[in-house]
Amino acid sequence: MMNIDVIGDIHGCFDEFKGLTEELGYCWDSGIPLHPDGRLLAFVGDLTDRGPQSLKVIEVVSKLVKRKKAFYSPGNHCNKLYRYFLGRDVSITHGLETTVAEYKALNQREQEHISSTFIQLYEHAPLYQVLDKGKLVVAHAGIREEYIGRNDKRVKSFVLYGDITGKFHSDGYPVRRNWAKDYHGKAIIVYGHTPVKDVVIQNHTYNIDTGCVFGGKLTALRYPEMEIVDVPSSMEPVPEKFRELDK
Ligand SMILES: [Mn+2]
């Protein structure tokens, strides 16, 4: 049995991340959150962008993963930041501008440190995490039952962006189908990506992105207890960013 606390999209909200782990009983004396009972952390991805302290979140998560105290798989924002650090031509929008501004404020040595830290974290991360002998799966935008175990392009797109249709809402937001309502697998799927006001539980799936960076809250799901723990956000509320999921 593994005891894991899965954390939703942090998006640079370092203070809320620290507060939430303290609420969960983790101790930061060593500079990273460690649990006295050996509980481990897992992250649904989207560590950075829009929030005030994206680089600090990268530092801590990278140290945790290196010490095998946490599991991390990327979100779409992580994928874009990775491509930025590789020198690819990505548009510095949708929150990436805040992470890039933090990065540009560093000296060259610090810039090289943070970009190589993140590139290493990203390149070592699986597309999604299969934990506790397959009983728990953590994937940024979720995953279909038949995709578990696969790592091809279709699955990569799905776990990063969700079940997109190629269409857009009037506000420019991509239309996403709600795969979770048709999920009938046994494994518990924990995901983020689509901000919701409160955790949405459908057919063994848990959306724990409660929009911390949009003034909601940062949420953890404790496994196997399936207990929800959250802390309020210090960010300005942006109510129009929250979505309702189809039932
Ligand atoms: Mn996100």
Side-chain angles (χ1 to χ4, degrees), residues 6-17 20 41-58 60-61 70-84 90-100 102 118 121-122 125 127-129 137-143 156-164 168-169 171-180 189-200 205-221 230-245:
V6 191
I7 312 262
D9 300 38
I10 300 173
H11 284 298
C13 293
F14 179 82
D15 291 342
E16 289 86 342
F17 168 46
L20 178 59
L41 290 166
F43 298 93
V44 303
D46 279 6
L47 303 178
T48 64
D49 294 3
R50 293 198 175 97
Q53 294 181 285
S54 290
L55 303 186
K56 237 170 137 173
V57 178
I58 291 174
V60 170
V61 171
F71 304 99
Y72 158 81
S73 285
N76 52 312
H77 286 261
C78 307
N79 171 269
K80 202 174 176 195
L81 181 62
Y82 171 67
R83 289 182 286 123
Y84 172 80
V90 298
S91 65
I92 311 212
T93 54
H94 302 294
L96 181 59
E97 61 277 12
T98 64
T99 308
V100 168
E102 274 191 68
F118 187 74
L121 175 69
Y122 187 94
L127 286 178
Y128 53 91
Q129 295 282 348
V137 176
V138 180
H140 178 63
I143 191 164
K156 182 177 178 184
S157 162
F158 194 97
V159 296
L160 288 179
Y161 303 100
D163 195 1
I164 47 177
F168 294 87
H169 293 283
D171 59 359
Y173 185 88
V175 174
R176 299 167 184 168
R177 290 188 202 92
N178 182 18
W179 60 277
I189 313 283
V190 186
Y191 69 106
H193 189 51
T194 301
V196 287
K197 269 197 85 180
D198 296 294
V199 171
V200 175
T205 78
Y206 292 72
N207 179 348
I208 63 166
D209 178 11
T210 46
C212 185
V213 81
F214 299 123
K217 51 202 176 185
L218 187 63
T219 293
L221 180 69
D230 55 52
V231 294
S233 168
S234 63
M235 302 290 289
E236 191 76 26
V238 192
E240 64 271 24
K241 292 290 186 182
F242 291 82
R243 304 280 151 175
E244 303 272 349
L245 298 188

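The residues of the chain are indexed from 1 along the displayed sequence. Just so you know, ligand 1 is whichever comes first in the structure, and atom 1 is the first atom listed for that ligand.
Nearest N/O/S atom of Asp46 with respect to the Mn ion (ligand 1) is recorded as OD2. Closest N/O/S atom of Asp9 to the Mn ion (ligand 1): OD2.
Backbone or side-chain N, O or S atoms of His11 reach the Mn ion (ligand 1) at under 2.8 Å.
With hydrogens and angles ignored, the 3.5 Å screen pairs a side-chain donor or acceptor of Glu16 with a backbone N or O of Ser234.
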Give every donor-acceptor pair under 3.5 Å between a side-chain atom in residues 208-218 and any protein atom, sequence neighbours left out.
unit_1, atom_1, unit_2, atom_2, d
Asp209, OD1, Gly211, N, 3.0
Thr210, OG1, Lys217, O, 2.6
Thr210, OG1, Thr219, OG1, 2.6
Lys217, NZ, Asp198, OD1, 2.6

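At least one test fails for Lys197 against the ring of Phe242: distance under 6.0 Å to the centre or angle within 45° of the axis.
Under the salt bridge (charged side-chain N to carboxylate O under 4.0 Å, His left out) criterion, Arg83 pairs with no residue, sequence neighbours left out.
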